[in-house]
Amino acid sequence: MDAVETLYDPWSPEFVADPYPAYARLRAAGRAHWHGPTRQWLIPHHEDVSALLRDRRLGRTYTHRFTHEEFGREAPPAAHEPFHTLNDHGLLDLEAADHTRIRRLVSKAFTPRTVENLAPTVRRLAAGLVGDLVAAGGGDLLASVAEPLPVAVIAEMLGVPEDDEERARLRPWSAAICGMFELNPSEETARRAVAASIEFSDYLRELIARRRKSPGDDLISSLIAVEGLTEQEMISTCVLLLNAGHEATVNTTVNGWWTLLKHGVRPDPEKLSTAVEELLRYDTPLQMFERWVLDDIEVGGQVIPRGSEVALLFGSANRDPARFGPTADELDLTRADNPHITFGAGIHYCLGAPLARLELEAVFGELLRRAPKLRLAAEPVWKPGYVIRGFDELLVEV
């Protein structure tokens, strides 16, 4: 136990900066490890992570089958209720019949054609943001390009008017809510998440009312037209699209460029999609995904009982030599066989993955074309969060 706790320290800046050597030692030591500080079973191997993502004996929630008392857990504090109401009605945290119903209904509005129709907007926004960065001679890649692009795309997709002052609050709201997905969040983190949940929900409720009176060519109008979705389910879906739809793009853009600059390499523009998949694998923005054990399971001879929580280590799984071969720890921008699990698997596979890929290819393509000599202006500092892992800023010169 002491060895595992020494290896896996998600609150350590050194571990957050480079967790991959620790992952390699965890994989070598076994398939399931108890971690006392987080009270979780760590699962580091690709085969196991991939299988458990699809295993219906695990769930993102347990309340569809058990009360908190039956599951041996305490109910969340009443003061956190606005966050949990928002979060618990979203696809990411629903199970069984509710998840199937809502995903089927949402999929009617969030179609491949929806993403395809967004392509010109995504490319236009990426070109404008990169153009501004180049004109300025550089700056913070995160604040000037990586963050504004996916937030603007989601705002366009939802139909948030450009003159709504709340448009500028989408990113802060999302960041506050996502703070609750880190390990053992503080009460101050919870307070900010609750406040953001209330404000964001109130704004979306008002926007939905506007679209009911005057439908437009946007996702909210499409969701309104889908029979069977409650207003809370629409609100939770929209918030999830923002949270999940931009965190991966923001951190893959910044972490990816840091990786390219550190290695002194550039993707072949003709094989950009392959390179993007490798950057998603090599330094995944979502390092860990939690699941509850609803019925006893066994991993590598270790019985993990009902009521336990498992930490599926995406970052470790994506560097597992058992699946990616002896070059698993190497950056290979031409890697063809690349079944990374950055977007998850099973029923909770990321609905917004095609949109994230579209945004990443657009922004990487623009930067390669217009800033071919992009270089670091300062060594970046990792944010303290481990689950959603990225930098505070990435200062570059062009």
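The first residue in the sequence is number 1, and the count goes up from there.
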> Do you know which of V160, L204, I235, T237 makes side-chain contact (heavy atoms from CB on, under 4.5 Å) with I220?
L204
> Could you report the tightest heavy-atom contact between H35 and T38, atom names first, then the distance?
ND1-OG1, 2.8 Å
> Is the distance from the ring center of Y23 to that of Y20 below 6.0 Å?
yes
> Ion pair present between R357 and E361, side-chain N to carboxylate O less than 4.0 angstrom?
no
> Kindly say whether the aromatic ring centers of F181 and F289 come within a distance under 6.0 Å.
no
> For A152 and R167, work out which heavy atoms get closest and say how close.
O-NH2, 3.7 Å
> Output all residues satisfying salt bridge (Lys or Arg N to Asp or Glu O under 4.0 Å) with R65, sequence neighbours left out; order by chain, then residue number.
D295
> Would R291 and E95 pass as an ion pair if we require N to O under 4.0 Å?
no
> In plain terms, say whether D329 and R319 are close enough for a salt bridge, that is, a side-chain N and a carboxylate O under 4.0 Å apart.
yes
> Assert yes or no for the condition that the ring centre distance of Y386 to W11 is strictly below 6.0 Å.
no
> Test of understanding: with ring pair (Phe, Tyr, Trp, His ring centres under 6.0 Å), list the residues that count as partners of W41, not counting sequence neighbours.
W34
> Please name the pair of heavy atoms, one in I304 and one in I43, separated by the smallest distance, quoted to 0.1 Å.
CD1-CD1, 4.3 Å
> Does the separation of the ring centres of H340 and F324 fall below 6.0 angstrom?
no
> Closest approach of W257 and R266, non-hydrogen atoms and distance?
CZ3-NE, 3.8 Å
> Any salt bridge between R169 and E166, counting N to O under 4.0 Å?
no
> Looking at R370, I'd like to know if its CZ atom is crowded, meaning that more than 12 non-hydrogen atoms belonging to other residues, nucleotides or ligands lie closer than 6.0 Å.
yes
> Side chain to side chain contact (heavy atoms under 4.5 Å, CB included) for L91 and H348? Distances and angles first, verdict last.
CA-CA 7 Å; L91 279 170; H348 288 106; 5.8 Å; no
